[in-house]
Number of protein chains: 2
Amino acid sequence: MNTSDTKNKILDTAERLFARQGIGATSLRAIVREAGLNVAAIHYHFGSREALVLEVFNRRLKPINQQRVARLEEMEQTRSPAIPLNDLVRAFLEPVFSYFYDQPPQVRGLMARLHTEPDVTRPVLQQYHEILQRFQGAFLNAAPWLTPEQVRYRMSFMIGSMGIMLSGRHPAFCGKNGARLKPEQLFEEVIQYNTAGLSAGAPKK
Amino acid sequence: MNTSDTKNKILDTAERLFARQGIGATSLRAIVREAGLNVAAIHYHFGSREALVLEVFNRRLKPINQQRVARLEEMEQTRSPAIPLNDLVRAFLEPVFSYFYDQPPQVRGLMARLHTEPDVTRPVLQQYHEILQRFQGAFLNAAPWLTPEQVRYRMSFMIGSMGIMLSGRHPAFCGKNGARLKPEQLFEEVIQYNTAGLSAGAPKK
DNA sequence: AAATAATTTAAACACTTGTTTGAAATAAGT
DNA sequence: ACTTATTTCAAACAAGTGTTTAAATTATTT
């Protein structure tokens with residue numbers, strides 16, 4: 001078994017357990033037990049528990065955020081000067097969404113945690129600070145009747161509702177027999193909801 | 001020191017630590033250390049760690065949810081038959097908000113956790129299942145162009161954005177020098193945002 | 001004041017935590 | 001084939017986990 005094989009096995013297993021039981025509630029020993037490895041293997045390949053956690057996170061977040069900026073930059077060049085709010089919301093949410101539904105359940109679970117667990121979301125958002133700032137600028141262009149503070153807060157509301165969508169927490173209060181929207185419909189709901197929210201207070205034309 | 005004094009001391013200290021470090025990351029020993037008590041005191045007064053956690057939660061959630069139903073019932077009697085969406089959003093969010101800003105920081109921190117930590121939010125939402133269902137009915141009345149599923153999902157988006165607001169996670173991506181809205185303004189933002197989101201797709205009149 | 005009940009305490013229980021160590025096992029390079 | 005590197009492993013480390021027990025201390029009642 002070469003070095004990247006065991007490294008990936010650790011990453012995959014950690015990801016699965018993080019998704020299932022939470023990050024803080026998952027011990028290194030639980031990970032190696034399920035991966036059929038030794039506890040020391042984690043420290044050999046990653047250095048510490050914290051470093052492992054970070055690598056589990058960024059393996060998923062990096063491609064998503066790259067796609068976000070790619071879409072934003074493409075729109076900024078073609079559709080100048082102002083990009084419609086709806087398109088901005090799409091550029092921000094769709095990379096998460098498409099990645100989300102292409103991946104097995106454990107990846108979905110992890111991504112839900114990334115966007116809901118407070119002690120995880122905080123550093124995650126800080127790490128992608130520049131991307132958030134670029135989107136803030138674009139949103140401000142698209143909604144000039146808002147102050148920068150309002151834009152920031154509304155973006156955080158959008159992120160909050162996205163977290164809820166990812167975590168599938170909705171069934172928690174409608175029981176098991178409650179009908180569920182199909183992924184594409186659910187996503188359209190999120191887009192509509194947040195576009196309307198971000199547009200609130202817009203001057204009538 | 002009579003029995004309710006120590007019980008409250010445990011509740012208060014637990015609440016403060018839960019808010020600061022998270023529920024799962026707070027040990028019973030950390031609680032009693034700060035409260036100047038013995039570990040066994042917790043088991044004597046509460047029975048188990050889980051029972052303590054539950055009592056910490058419900059001490060705050062009960063009055064809030066009582067106020068929610070009170071406001072809903074009052075509106076259902078006076079303003080029949082259909083209650084405007086904006087008033088429903090207010091009836092749902094305002095009890096949390098007013099309670100939130102009347103309390104010291106540790107209570108705010110706890111309430112943020114209650115509405116963001118996945119493994120906490122799930123049982124919390126299940127426990128207040130009936131209240132959520134009543135609001136769902138009212139929302140469906142106020143927005144008859146939506147399906148029950150849409151209403152449920154949009155309510156969950158609203159809860160998600162509320163959680164973000166409570167957790168004050170917004171500064172995480174605007175740095176420390178970013179301007180912050182005053183509590184009342186912030187609350188009006190949340191109301192506006194979610195009213196617009198819930199109204200999305202409404203037939204023009 | 002004596003007896004009963006309620007509360008607090010130190011100590012132990014069995015078990016889990018992240019991290020480190022040094023010796024085995026495997027792979028790569030010469 | 002022999003010698004380096006790299007990777008794995010069992011074992012131990014010190015500290016922390018929720019829970020229980022039985023004795024000591026308070027409060028309350030008779």
Side-chain angles (χ1 to χ4, degrees), chain A residues 1-59 109-110 113-114 117-120 122-124, chain B residues 1-59 109-110 113-114 117-120 122-124:
Chain A
M1 190 139 72
N2 87 34
T3 179
S4 70
D5 273 359
T6 46
K7 237 189 136 172
N8 283 332
K9 188 157 206 170
I10 292 173
L11 283 171
D12 290 341
T13 315
E15 185 173 63
R16 187 167 61 249
L17 293 185
F18 285 170
R20 199 184 301 157
Q21 341 171 333
I23 290 111
T26 301
S27 70
L28 300 187
R29 293 185 147 83
I31 296 170
V32 295
R33 202 183 306 135
E34 237 188 74
L37 297 168
N38 192 277
V39 217
I42 291 182
H43 287 86
Y44 177 77
H45 286 283
F46 297 93
S48 71
R49 194 198 123 103
E50 208 190 327
L52 165 65
V53 172
L54 223 82
E55 205 154 326
V56 171
F57 288 179
N58 283 328
R59 186 165 65 138
L110 180 87
R113 301 261 177 201
L114 286 184
E117 286 202 11
D119 307 278
V120 175
R122 213 182 316 270
V124 162
Chain B
M1 188 139 76
N2 86 35
T3 180
S4 71
D5 273 358
T6 46
K7 237 188 134 172
N8 283 331
K9 188 158 206 169
I10 292 173
L11 284 171
D12 290 341
T13 314
E15 184 173 65
R16 187 166 62 249
L17 292 185
F18 285 170
R20 198 185 300 157
Q21 340 169 335
I23 291 111
T26 301
S27 70
L28 299 187
R29 292 183 147 84
I31 296 169
V32 296
R33 201 183 306 135
E34 233 186 78
L37 297 168
N38 191 276
V39 217
I42 292 182
H43 287 85
Y44 178 78
H45 286 284
F46 298 93
S48 72
R49 195 198 124 103
E50 209 190 326
L52 165 65
V53 172
L54 223 82
E55 205 155 327
V56 171
F57 289 179
N58 284 328
R59 184 164 68 138
L110 180 87
R113 302 258 178 203
L114 287 184
E117 286 203 10
D119 307 277
V120 175
R122 212 182 316 271
V124 162

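Naming: A, B, ... by sequence-line order, numbering from 1 per chain. All heavy atoms count here, side chains included; hydrogens, waters and symmetry mates do not.
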Find the distance [X]:[atom1] to [N]:[atom2] and express it as a whole number of Å.
X	N	atom1	atom2	value
A/L37	C/dT26	CG	C1'	15 Å
B/N38	C/dA12	CG	C1'	12 Å
A/F46	C/dT20	CZ	P	16 Å
B/I42	D/dT21	CD1	C1'	17 Å
B/R33	D/dG18	CZ	P	11 Å
B/R49	D/dT17	CZ	P	10 Å
B/Y44	D/dG18	OH	C1'	20 Å
B/K7	C/dT7	NZ	C1'	13 Å

*Can you figure out which of D/dA10, C/dT19, C/dT9 approaches the side chain of A/S48 most closely?*
C/dT19
*Looking at C/dT8, D/dT19, D/dA10, which one has an atom nearest to any side-chain atom of A/A40?*
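Nearest nucleotide to the side chain: D/dA10.
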Are OP1 or OP2 of [N] and a side-chain N or O of [X] less than 4.0 angstrom apart?
X	N	answer
B/H45	C/dT8	yes
A/T6	D/dT7	no
B/S27	D/dG16	no
A/R29	C/dT16	no

*Does the side chain of A/F46 reach to within under 4.5 Å of the side chain of A/E55, using non-hydrogen atoms?*
yes
*asked:* Using side-chain heavy atoms (C-beta onward) and a distance below 4.5 Å, is B/V120 in contact with B/F57?
replied: yes
*For A/T26 and A/R49, which heavy atoms make the closest approach, and how far apart are they?*
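That closest heavy-atom pairing would be O-NH1, 2.6 Å.
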*Interatomic spacing from CD1 in A/I42 to OG1 in A/T13 - rounded to 0.5 Å*: 9.0 Å
_Atom pair CD/CD1 of A/E15 and A/I23 - distance to nearest 0.5 Å_ =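 One gets 10.5 Å once the value is rounded to the nearest 0.5 Å.
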